[in-house]
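In what follows, a structure is listed as structure tokens, so that the remarks can point back to it.
Note that the numbering runs from 1 along the sequence shown for the chain. Every heavy atom of this structure was used, including side-chain atoms; hydrogens, water molecules and symmetry mates were not.
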Amino acid sequence: MSATVAAPQIVVSDKDRKRALWGSAVGSTIEWYDYFLYGTMSGLVFGPLFFPSNDPTVSQLLALASFALAFLIRPIGGILFSHVGDRIGRKKTLVVTLTLMGVSTVAMGLMPTYGAIGVAAPVILTVLRLLQGLALGGEWGGGLLLAVEYSPKNRRGFYGAVPQTGAMLGLALGNMITLAAGAVFSDEAFLAYGWRIPFLLSVVLLAVGLWIRHKVDETPSFRMVKAAGATKQVPLVDTLKHHWREVLIATGAKIVETSTFFMFATFTVSYAMTLGYKREAVLAVLLVCAVIGVYSMVKFGALSDRIGRKKVFLGGTMALMVFILPYLWMLNQKSLPFLAVALFIGFAVIWPTYGSLIGTVIAESFSPDIRYTGASLGYQLGAAIAGGPAPLIATALLAAFGGSYLPVGLFIIICGAISLVAVLFAKEKSNQEID
């Protein structure tokens with residue numbers, strides 16, 4: 001089993017905690033902005049520009065498949081960068097992952113399309129997407145631990161929720177800039193070059209993120225591990241040998257969080273457009289719900305500090321399983337108010353119950369000497385299984401069943417059931433020491 005860390009306690013000031021929390025939130029937001037921007041554009045323009053086909057559905061499926069591919073490499077990124085994070089430190093790893101993500105995103109904005117260079121365009125775009133997946137695979141664990149390992153034990157749910165809000169904030173920021181570009185350019189101009197602007201702006205975000213990350217010290221937990229000489233030579237081996245149950249629980253818990261996020265944030269955009277909704281209207285509703293969802297997430301994170309992680313997580317998962325079919329029905333009413341209410345309930349209220357806690361629940365399951373590796377492995381495996389493939393699976397189910405949304409709803413219910421079982425086996429660690 002992992003050795004018990006025996007080292008002098010490290011004093012952490014409130015200023016240190018706030019700086020770490022801020023650094024975690026900002027870095028996470030930038031990473032997710034870059035990552036989700038591809039998902040948004042795959043639903044809007046990547047199909048015709050990079051994956052042209054005589055059948056628009058085939059073109060859309062190819063674009064979504066390239067979106068999903070990055071999820072397959074995220075576990076590799078998690079293993080690679082978490083090894084460095086558990087051996088050398090969280091901070092150095094986060095600088096590398098943020099740089100890799102930013103450079104890949106800016107390069108996408110400079111990419112020639114299929115019409116300019118032929119089949120090389122989708123190939124290069126997919127390679128850049130895979131580099132994004134590699135970067136996010138390492139970023140998530142480090143960004144989360146930057147907050148969790150600096151947190152006081154009685155506020156760990158709140159602290160752990162803050163970097164998770166990066167997903168909502170990154171999505172909102174991407175949609176905001178995409179909407180602005182859509183308002184400035186005509187549909188023809190947006191398709192021709194306007195879509196590039198959000199990608200190129202990532203260079204500014206990258207500079208800001210690196211500056212903020214530079215100001216944050218290494219986490220207290222890792223400093224204790226290093227002071228005790230307890231770092232592992234190969235953290236992955238120790239994790240798989242002694243903590244495989246925790247990895248399975250983390251993977252299972254991740255299923256509902258990741259599948260429903262991309263159902264709401266990615267699939268809904270492309271599906272709503274096929275139903276006749278205007279692109280700008282859908283993105284605007286999604287933007288508002290994402291912003292409201294940030295508030296919900298920090299509130300549910302704080303609630304878990306009072307009543308426990310499992311109660312909040314399981315309650316939200318069951319609510320999602322009940323609501324997913326009504327959600328899809330409301331979208332099919334082809335009414336913007338119905339879509340707005342559906343997204344508000346699903347994305348701004350229900351999803352944050354477990355979306356805010358997935359990081360904290362996973363991080364609390366592992367000891368500090370292998371925490372980066374264990375948390376990243378479980379989280380990224382779950383994302384690879386059900387996150388990236390979710391929009392693709394949902395789109396394929398619609399096509400296979402003549403547009404019926406019932407199979408899509410059943411798919412999400414199954415994802416929820418898997419996570420229910422996994423979290424039931426997790427240990428409740430709220431208000432307990434985890435180092």
Side-chain angles (χ1 to χ4, degrees), residues 16-36 70 74-75 77-86 88-102 104-105 132-151 156-171 173 202 205-206 208-222 250 254 257-258 261 294 297-298 301 355-364 366 368 371-380 382-383 387:
D16 291 335
R17 296 188 198 277
K18 290 177 181 177
R19 185 185 292 120
L21 196 61
W22 178 244
S24 174
V26 172
S28 176
T29 299
I30 294 169
E31 291 271 2
W32 284 112
Y33 165 82
D34 289 347
Y35 196 74
F36 289 151
R74 274 173 57 173
I79 292 170
L80 174 64
F81 289 113
S82 63
H83 175 83
V84 179
D86 277 331
I88 298 175
R90 310 343 184 182
K91 178 180 176 178
K92 294 182 179 67
T93 309
L94 289 172
V95 170
V96 175
T97 57
L98 187 61
T99 302
L100 180 59
M101 177 69 85
S104 300
T105 304
Q132 282 191 324
L134 197 71
L136 189 64
E139 161 69 24
W140 176 83
L144 173 76
L145 298 188
L146 194 62
V148 168
E149 293 186 341
Y150 262 103
S151 67
R156 200 160 52 237
F158 169 78
Y159 270 67
V162 170
Q164 290 299 109
T165 65
M168 288 290 206
L169 289 170
L171 177 68
L173 185 60
S202 183
L205 299 177
L206 174 61
V208 173
L210 289 175
W211 178 76
I212 291 174
R213 286 273 168 89
H214 178 70
K215 299 289 184 180
V216 181
D217 291 330
E218 186 54 78
T219 71
S221 297
F222 182 76
K254 175 67 177 171
E257 182 268 345
T258 191
F261 186 95
V294 170
M297 290 180 77
V298 294
S356 63
L357 299 182
I358 185 67
T360 310
V361 168
I362 292 176
E364 289 177 335
F366 299 94
R371 185 173 292 143
Y372 203 144
T373 300
S376 295
L377 184 60
Y379 185 95
Q380 303 304 346

Minimum-distance pair of heavy atoms, taken over all atoms of R156 and S151:
CG-OG, 3.3 Å
Backbone N/O of A20 and side chain of S24: donor-acceptor pair under 3.5 Å:
no
Distance (rounded to the nearest 0.5 Å) between L94 CG and E31 CD:
8.0 Å
Which heavy atom in S202 sits nearest to a heavy atom in D34, and how many Å separate them?
OG-OD1, 2.7 Å
Check step by step if side-chain contact (heavy atoms from CB on, under 4.5 Å) holds for Y159 and T360.
CA-CA 8 Å; Y159 270 67; T360 310; over 6 Å; no
Donor-acceptor pair, distance only, cut-off 3.5 Å: does the side chain of S82 make one with the backbone of I79?
yes
Using atom types as modelled, flag every donor-acceptor pair under 3.5 Å from a side chain in residues 137-150 to any protein atom, sequence neighbours excluded.
| unit_1 | atom_1 | unit_2 | atom_2 | d |
| --- | --- | --- | --- | --- |
| E139 | OE1 | T97 | OG1 | 3.1 |
| E139 | OE1 | R213 | NH1 | 3.2 |
| E139 | OE2 | R213 | NH2 | 2.8 |
| W140 | NE1 | Q164 | OE1 | 2.8 |
| W140 | NE1 | Y379 | OH | 3.4 |
| E149 | OE1 | R90 | NE | 3.2 |
| E149 | OE1 | R90 | NH2 | 3.4 |
| E149 | OE1 | T219 | OG1 | 2.6 |
| E149 | OE2 | R90 | NH2 | 2.8 |
| E149 | OE2 | R371 | NH1 | 3.0 |
| Y150 | OH | D217 | O | 3.3 |
| Y150 | OH | E218 | O | 3.0 |

Hey, does L21 have a side-chain heavy atom less than 4.5 Å from the side chain of F158?
yes
Looking at every heavy atom in both L206 and T99, which two are closest together, and how far apart are they?
CD1-CA, 3.8 Å
Work out which heavy atom in F261 is nearest to a heavy atom in L171; give both atom names and the distance.
CZ-CD2, 4.2 Å
Would you say the side-chain atoms of T258 pair up with the backbone N or O of K254, donor to acceptor, closer than 3.5 Å?
no
Let me confirm one number: the CG-CG distance from L136 to L98, rounded to the nearest 0.5 Å.
11.0 Å
To the nearest 0.5 Å, what is the distance between CZ (F366) and OH (Y372)?
14.5 Å
For the side chain of K91 and the backbone of V216, is there at least one donor-acceptor N/O pair under 3.5 Å apart?
yes
Closest contact, heavy atoms only, T105 versus Q132:
OG1-NE2, 2.9 Å
Quick one, W32 with L169, criterion side-chain contact (heavy atoms from CB on, under 4.5 Å). Give me CA distance, side-chain angles, the key distance, then yes/no.
CA-CA 8 Å; W32 284 112; L169 289 170; over 6 Å; no
Looking only at non-hydrogen atoms, find the nearest pair between A250 and I362 and report the distance.
CB-CG1, 3.8 Å
